[in-house]
Amino acid sequence: MKKKLVSLLTVSAMTMAMLAGCGSSSAPAAETAAPAETADTATQTAEAVADTAAETAEAVAETAGNADLADKKVGVCIYQFADNFMTLFRTELENYLVSQGFSKDNITIVDGANDQATQTGQIDNFITQGVDVLIINPVNSSSAASITDKVVGADIPLVYINREPDADEEARWSENGWNVTYVGCDARQSGTMQGEILVDLGQEKVDLNGDGKIQYIMIEGDPENVDAQYRTEFSVKALVDAGWEVDELDDQVGNWDQATAQQLVANSLSAHPETEVVFCNNDAMALGALQSIDAAGRKVNEDIYLVGVDALTEALEDVLAGTMTGTVFNDHIAQSHGAADAAINFVTGAGNDYYIGCDYVKVTADNAQSVLDSLK
Ligand code: BGC
Ligand code: CA
């Protein structure tokens with residue numbers, strides 16, 4: 001069975017919708033306008049929010065007091081600390097594990113330095129130390145089978161995050177009833193949303209030179225990574241599905257890295273000044289692209305369009321300022337909490353589904369502020 005995480009953003013949107021619903025059903029339209037009634041509704045709303053907050057706090061307190069977790073050891077392998085998105089992810093992961101009752105001293109997070117051999121050594125060490133559960137962001141998704149064999153062989157439950165192992169590998173977990181799961185979002189959705197952000201603007205606007213085609217350059221993350229593959233494919237597919245013609249001017253590998261992308265986009269823009277759209281598989285690379293767009297004297301949303309993925313704070317600020325066309329929120333909060341909850345379920349014997357997904361959120365100037373607020 002596939003389980004899906006619900007993001008805080010969705011929950012707050014649902015709560016707002018529910019509260020709005022309550023307000024209108026409890027008072028006829030004419031009365032709603034009266035200040036006294038409005039004040040009443042506001043009080044009720046505040047009470048409802050306070051109630052919910054109190055219940056949540058209680059639930060957290062109960063779990064936080066969980067003595068079972070205080071002496072459990074968690075090993076966390078991150079593919080590379082020098083990755084903006086994974087830094088947000090691991091910080092939230094650690095804080096949330098502690099809030100759920102783990103002792104900070106029993107949580108060890110290690111940097112794979114983008115080298116599978118290094119990470120494999122770290123996994124061996126965690127096995128020797130006898131950790132109770134492992135959370136792994138593999139350097140190479142293709143190494144997942146050998147990682148799983150090792151970890152399952154040592155009888156340690158395993159939560160994969162962020163870099164999804166392939167379908168054959170995931171099938172082995174359920175076939176063998178292993179304590180292994182994956183927590184992450186489906187990158188096809190983020191790619192599609194990148195394309196839709198442009199489609200929503202309309203072809204008239206995006207086809208700047210009016211030749212009936214969209215001239216674009218693509219800056220990819222690590223091509224071994226399924227997120228990079230899917231975002232590359234599905235961003236363009238969304239344009240084609242909308243009936244737009246596309247013209248790929250350049251496709252380069254920026255390895256998720258800002259400085260690399262900056263250099264690549266500088267080269268691409270000077271070779272292809274007719275570029276209308278720059279697609280970047282993540283925001284770090286979009287920020288690098290923006291530096292080169294600026295340096296080339298171009299203006300986003302006027303003579304070029306730029307989209308990324310992740311909704312890093314800096315990118316959200318650019319979207320608000322109009323210096324980035326849009327991005328896609330890659331919910332590191334829902335994903336890190338989901339990964340920690342999965343680890344807890346393994347440790348307490350509750351078990352997990354084999355796949356725990358979550359939704360991306362399309363971000364443009366219209367909702368960038370609310371995404372930014374939800375991250376504070
Ligand atoms: C993020 C990238 C990040 C990568 C690491 C992706 O989901 O969008 O920013 O570099 O994960 O694996
Ligand atoms: Ca064109």
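Ligands are counted one by one from 1 in listed order, and the atoms in each one are counted from 1 as well. Excluded from the calculations below are hydrogen atoms, water molecules and symmetry mates; all remaining heavy atoms, backbone and side chain alike, are included. Just so it is clear, the model here is predicted, and its values are computed rather than measured. Along the sequence shown, residues are numbered consecutively beginning with 1.
Of the options Leu316, Asn367, Val363, a side-chain contact (heavy atoms from CB on, under 4.5 Å) to Leu372 is made by Leu316 and by none of the others.
Protein contacts to the Ca ion (ligand 2) involving N, O or S atoms at a distance below 3.0 Å are Asp207 OD1, Asn209 OD1, Asp211 OD1, Lys213 O, Gln215 OE1, Glu276 OE1, Glu276 OE2.
Aromatic pair Tyr160/Trp173: ring centres closer than 6.0 Å.
For ligand 1, the 4.0 Å heavy-atom shell takes in Tyr79, Asp83, Phe85, Asn162, Arg163, Asn225, Asp227, Arg231, Trp256, Asn282, Asp310, Asn330, ordered by chain and residue number.
A salt bridge links Asp303 to Arg298: one of the charged nitrogens lies within less than 4.0 Å of a carboxylate oxygen. The residues Lys4 and Asp359 are annotated as salt-bridged, a charged nitrogen and a carboxylate oxygen being separated by less than 4.0 angstrom. Checked for salt-bridge contact, Lys237 and Asp241 meet the test: a charged N lies under 4.0 Å from a carboxylate O. A salt bridge does not link Glu175 to Arg172: none of the charged nitrogens lies less than 4.0 Å from a carboxylate oxygen. Classification of Asp68 and Lys72 as a salt-bridged pair fails, no side-chain N sitting under 4.0 Å from a carboxylate O. Electrostatic pairing of Arg90 and Asp111 does not count as a salt bridge here, judged by no charged N lying under 4.0 Å from a carboxylate O.
In this model, a donor atom of one side chain and an acceptor atom of the other lie less than 3.5 Å apart for Thr327 and Asp283.
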